[in-house]
Amino acid sequence: MARLVRGTLVRKFRDWLPQGWPASLDPDVEGGDRFKVAAALGGWHSYSPIPYRDPVKRAGDILMANPPPPGWYPKGPDDELLRMLIPDDEA
């Protein structure tokens with residue numbers, strides 16, 4: 001199930017962040033796109049099964065507090081960072 005949950009974030013990235021993680025989350029800075037990140041993470045949370053909602057929220061909080069490098073894009077559910085955030089035995 002955790003792999004499915006990670007795959008959902010990959011699909012949300014495809015929808016909202018096709019160029020990967022923005023260079024800045026500040027909407028007043030060129031390349032800053034907090035809204036798209038929030039939309040991707042919010043969609044991930046809303047499509048997650050109930051047992052995974054808390055782990056997904058924590059993972060989103062971690063990504064917002066400690067953003068990955070600009071351009072980071074999870075290619076699939078087995079992305080190393082995603083596996084760290086949502087391990088296979090999380091729920």
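Just so you know, residue 1 is the first one in the sequence shown, and it goes up from there.
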R11 and L4: which non-hydrogen atoms are nearest, and at how many Å?
NH2-O, 4.0 Å

Heavy-atom side-chain contact between Y47 and V5 under 4.5 Å:
no

Which of K57, H45, M1 passes side-chain contact (heavy atoms from CB on, under 4.5 Å) with Y52? Answer is M1

Take atom CG in D78; do more than 12 heavy atoms of anything else shown fall under 6.0 Å from it?
yes

Neighbour count above 12 (heavy atom, 6.0 Å) for W72 CH2:
yes

Might you work through the side-chain contact (heavy atoms from CB on, under 4.5 Å) test for Y73 and R14, ending with a clear yes or no?
CA-CA 9 Å; Y73 186 90; R14 188 178 306 130; 3.5 Å; yes

Hey, what do you get for CZ (R58) to CG (L85), rounding to the nearest 0.5 Å?
10.5 Å

What is the distance from atom CZ of R34 to atom CG of L41, rounded to the nearest 0.5 Å?
10.0 Å

Please report the interatomic distance CG(L63) to CH2(W21), rounded to the nearest 0.5 Å.
5.0 Å

So do P74 and L81 actually touch side chain to side chain, heavy atoms under 4.5 Å?
no

Which heavy atom of P77 sits nearest to which heavy atom of G7, and what is that distance?
CB-N, 3.6 Å

So F13 and W44, ring pair (Phe, Tyr, Trp, His ring centres under 6.0 Å) or not? Walk me through it.
CA-CA 9 Å; F13 257 70; W44 185 32; 8.8 Å; no

Within the distance-only criterion (no hydrogens, no angle test), does the side chain of R6 pair as donor or acceptor with the backbone N or O of I86 below 3.5 angstrom?
yes

Establish whether M84 and V10 are linked, either directly or via other cluster members, by ILVMFWY side-chain heavy-atom contacts under 4.5 Å.
yes

Presence of salt bridge, R3 and D88, under 4.0 angstrom:
no

Spacing of K12 atom NZ and S46 atom OG [to the nearest 0.5 Å]:
6.5 Å

